[in-house]
Amino acid sequence: MEKYRLEFSEDGFKYIDIYNKIKNLIDEDKLKDGERLPTIRDLSKYLEVNKITIINTYKKLEQEGYVRQIQGSGTYVKKRHAPFNFKKDYNEILRRMTASNSKDWIDFAGEITSASFFKIERLRDVLNDVLNRDGVEALMYNDSLGYKSLRESISLNFWDNKINSDEVLIISGAQQGIDITAKTLVNVNDSVLVEKPTHGGALGVFKLRRANILEVPLLDDGADLDAFERILKKNKIKCFYTMSYFQNPTGVSYSKEKKIKIIELAYKYDFYIIEDDYLSELVYDENIEYCPYRKLDKDRVIYIKSFSKTFLPGVRIGYLIAPKNLCETIQNSKVNTDIATSSLMQRALEKYISTGYFLEHIKCLNSEYSKRYNYIVSLLKEKLCGLVDFNEPKGGLNIFLNIKKDVDITSRELFYKLKDRNIIITPGEVFYNNFKDGEKSFRIGFSQTDYESIDKGIDSIYEILKRRKL
């Protein structure tokens, strides 16, 4: 029993402390696969906690896939090799695909716009103009907030000058924005709330912070508010991470009414909203109104925006707008992470925006991708009807599909069968805290695929699913 000894945190939940202790023992191989854990009675007595605490601990371990409980026998360690090995394999396959001739693959896993739509000669001219104008200054460190002219241009072009440029912090992409915000707000055992499912990169950040990750289901217009408030009544959360438009992976966009209600909950239950404004430029339905959380509230919302998905993925630039009381701490966290974002690319992006090139580029992307979106949606309805369910996001670059219950295949199995045909999808488990929740879902993207590839890829998905329909 000595191995289970621990010191409880002063302001945390005891069952979370015990959960983390046992989880670490399993991860460090100090508890072997199949090893029986102490009985609820014995462990509660040893740790001097009530039995309910141990029951909640074992329940969470089982939900996370670390143990299995056998009625009348006990609780046993269940090593979680499969999800970790799969994710490693998945990333390795993506790496190999990227390194090889991508024309040999049908890439339904892509999350970024195709470089074929980007006018590289225009960027070359912009870079030359910046170097001729600024000389060596273009290669020096900027203000810690970022290049001032870029911050002013962001305020003018995207916020109608209603945001002070000193409130804008230039960051190296949205992932860094999530990371430095988490470092500011989240400590070990703090609770954070995310959408279910959600962006795998955000899950990774919160797991590294050793946070207690809570999940709220999504409806067609955003988070389930009844479930949301039930969670808030039982748990003290530090923040809620959300993608307000074309959520990754589901494609769900929040209604304005739901955003207002969540902001009210943020004040009532004292938490921050981390808004990842994902691909909101790519809108294929004129009825969708752009109104991010940050336009509705400035004191509870941390707004994060990346240019990487729509500008160029290799140009890791985005920006963050934080409430005034968090600005200095988040800025210090940014400096401690990488000191500064590329000065040359900040200056190039500023010129690209101020000359109108960025807006022109976005119009081009909307024109091209709205056609692909409508094409793939019509194909999915025609070919996969009766095999999958999906919602129409009406924007963004992805569609999330749920395999029907009477189709006897998991998304991981589907992934490997398609991989053998040089077709890549993203299985749903990547987007869930508990990988089992994503066993019957997958995401397909259409940003890197032409019409011929879309046809071939959907036909292959149809053939595989049809064979497994009961």
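Heavy-atom basis, side chains included; hydrogens, waters and symmetry copies ignored.
Salt-bridge check for Lys148 with Glu152: passed, with a basic side-chain N closer than 4.0 Å to an acidic carboxylate O. A salt bridge links Arg412 with Glu429: the closest approach of a Lys/Arg side-chain nitrogen to an acidic carboxylate oxygen falls below 4.0 angstrom. Under 4.0 Å is where a charged nitrogen must lie from a carboxylate oxygen, and between Lys183 and Asp179 at least one such pair does. A salt bridge is defined here as a Lys NZ or Arg NE, NH1 or NH2 lying under 4.0 Å from an Asp or Glu carboxylate O, and Glu167 with Arg151 fails to meet this definition. Using a 4.0 Å cut-off between charged nitrogen and carboxylate oxygen, Glu392 and Lys381 count as a salt-bridge pair. Salt bridge present: Glu92 and Arg95 bring a charged side-chain N and a carboxylate O closer than 4.0 Å. A salt bridge between Glu463 and Lys417 is absent, with no side-chain N of the basic residue lying under 4.0 Å from a carboxylate O of the acidic one. Asp450 and Arg372 are not joined by a salt bridge, as no carboxylate oxygen comes within less than 4.0 angstrom of a charged side-chain nitrogen. Salt bridge present: Lys119 and Glu360 bring a charged side-chain N and a carboxylate O closer than 4.0 Å.
Aromatic ring orientation, Phe158 versus Phe307: tilted (interplanar angle from 30° to 60°). Ring geometry, Tyr245 versus Tyr290: the interplanar angle falls from 30° to 60°, so the pair is classed tilted. Ring geometry for Phe358 against Tyr352 counts as perpendicular: the plane angle is over 60°, on a 0 to 90° scale with 30° as the lower cut. The aromatic rings of His199 and Tyr241 sit tilted relative to each other, their planes meeting at an angle between 30° and 60°.
Between Met345 and Leu127 there is a side-chain heavy-atom pair separated by less than 4.5 Å. Residues Asp270 and Lys236 form a side-chain contact, since some pair of their non-hydrogen atoms from C-beta on lies under 4.5 Å apart. At least one side-chain heavy atom of Ile213 sits less than 4.5 Å from a side-chain heavy atom of Val194. Within the 4.5 Å cutoff, the side chain of Leu397 has heavy atoms near those of the Leu282 side chain. In this structure, Ile106 and Lys456 have side chains that are in contact, with non-hydrogen atoms separated by less than 4.5 Å. Here the side chains of Leu131 and Leu344 are in contact, with some heavy-atom distance below 4.5 Å. Looking at Gln448 and Ile112, their side chains come closer than 4.5 Å, going by heavy atoms from C-beta outward. Proximity of Leu265 to Phe228: side-chain heavy atoms (C-beta onward) are separated by under 4.5 Å at one or more points.
Paired with Ser441 under the rule side chain to side chain contact (heavy atoms under 4.5 Å, CB included), one option of Val388, Ile403, Asn402 passes, and it is Asn402. Tested against Tyr369, the residues Tyr375, Phe246, Tyr284, Phe117 include a single ring-ring contact (aromatic ring centres under 6.0 Å, His included) partner, Phe117. The side chain to side chain contact (heavy atoms under 4.5 Å, CB included) with Arg443 is formed by just one residue from the set Ile399, Ile425, Leu401, Asn248; it is Asn248.
Distance CG/Leu387 to CG/Leu380: 11.0 Å, rounded to 0.5 Å. Between atom CG of residue Asp221 and atom OG of residue Ser253 there is a gap of 10.0 Å, rounded to the nearest 0.5 Å. To the nearest 0.5 Å, atom CD1 of residue Ile444 and atom CZ of residue Phe400 are 11.5 Å apart. Between Asn391 atom CG and Asp220 atom CG the span is 4.5 Å, to the nearest 0.5 Å. With rounding to the nearest 0.5 Å, the separation of OG in Ser155 from OH in Tyr319 is 9.5 Å. To the nearest 0.5 angstrom, Ile170 atom CD1 is 5.5 Å from Gln346 atom CD.
In this structure, Ser411 and Gly438 approach most closely via the heavy-atom pair OG-O, 3.2 Å. Contact detail for Leu145 and Asp166: the closest heavy-atom pair is CD1-O, 3.6 Å. Of all the heavy atoms in Pro323 and Ile302, the pair that sits closest is CD-CG1, 3.7 Å. Of all the heavy atoms in Ser460 and Leu418, the pair that sits closest is CB-CD2, 3.9 Å. When every heavy atom of Ile178 is checked against every heavy atom of Asp276, the shortest pair comes out as CD1-OD2, 3.8 Å. Scanning both residues, Glu275 and Arg294, for their nearest heavy atoms gives OE1-N, 3.1 Å.
Residue Glu328 places its CD atom among 12 or fewer non-hydrogen atoms of other residues, nucleotides or ligands, all under 6.0 Å distant. Counted within 6.0 Å of NZ on Lys258, heavy atoms from surrounding residues, nucleotides or ligands total more than 12; the atom is thus considered enclosed. No more than 12 heavy atoms of other residues, nucleotides or ligands lie within 6.0 Å of OH in Tyr462, so this atom counts as exposed by the packing criterion. Enclosure of atom CD in Glu286 is not indicated, since only 12 or fewer non-hydrogen atoms of other residues, nucleotides or ligands lie within 6.0 angstrom. For Lys383, the NZ atom sits in a packed shell: over 12 heavy atoms of surrounding residues, nucleotides or ligands are nearer than 6.0 Å.
Within the cation-pi definition used here (under 6.0 Å to the ring centroid, within 45° of the axis), Arg300 does not qualify as a partner of Phe271. Taking the centre and axis of the six-membered ring of Tyr19, the NZ or CZ atom of Lys60 falls inside the cone set by 45° and 6.0 Å.
Checked against the 6.0 Å centroid threshold, Phe108 and Phe442 do not count as a close aromatic pair. Between Phe118 and His361, the distance separating the two ring centers is shorter than 6.0 angstrom.
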I would like to know whether Ser153 and Asn157 meet side chain to side chain donor-acceptor pair (under 3.5 Å); could you show each step before the answer?
CA-CA 6 Å; Ser153 187; Asn157 290 279; 3.1 Å; yes

Assess whether side chain to side chain donor-acceptor pair (under 3.5 Å) is satisfied between Thr410 and Glu413, documenting all intermediate values.
CA-CA 5 Å; Thr410 67; Glu413 290 179 89; 3.3 Å; yes

Set out, in order, the CA-CA distance, both residues' side-chain angles and the distance that settles side chain to side chain donor-acceptor pair (under 3.5 Å) for Thr242 and Glu195, then state yes or no.
CA-CA 7 Å; Thr242 179; Glu195 296 154 340; 2.5 Å; yes

For a side chain to side chain donor-acceptor pair (under 3.5 Å) check, start with the C-alpha distance between Asn20 and Asn189, then their side-chain angles and the critical distance, and finish with the verdict.
CA-CA 9 Å; Asn20 284 322; Asn189 293 336; 2.5 Å; yes

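Distance alone, capped at 3.5 Å, is enough to place a donor-acceptor pair between the Lys238 side chain and the Leu185 backbone. In this structure, Asp455 contributes its side chain and Glu452 its backbone to no donor-acceptor pair below 3.5 Å. Between the side chain of Ser333 and the main chain of Thr329, no donor-acceptor pair closer than 3.5 Å is present. At distances below 3.5 Å, not a single donor-acceptor pair connects side-chain atoms of Asp224 with backbone N or O atoms of Leu218. Remark: side-chain polar atoms of Glu229 are not paired, donor with acceptor, to backbone N or O of Asp226 under 3.5 angstrom. No donor-acceptor pair closer than 3.5 Å links the side chain of Asn235 to the backbone N or O of Ile237.
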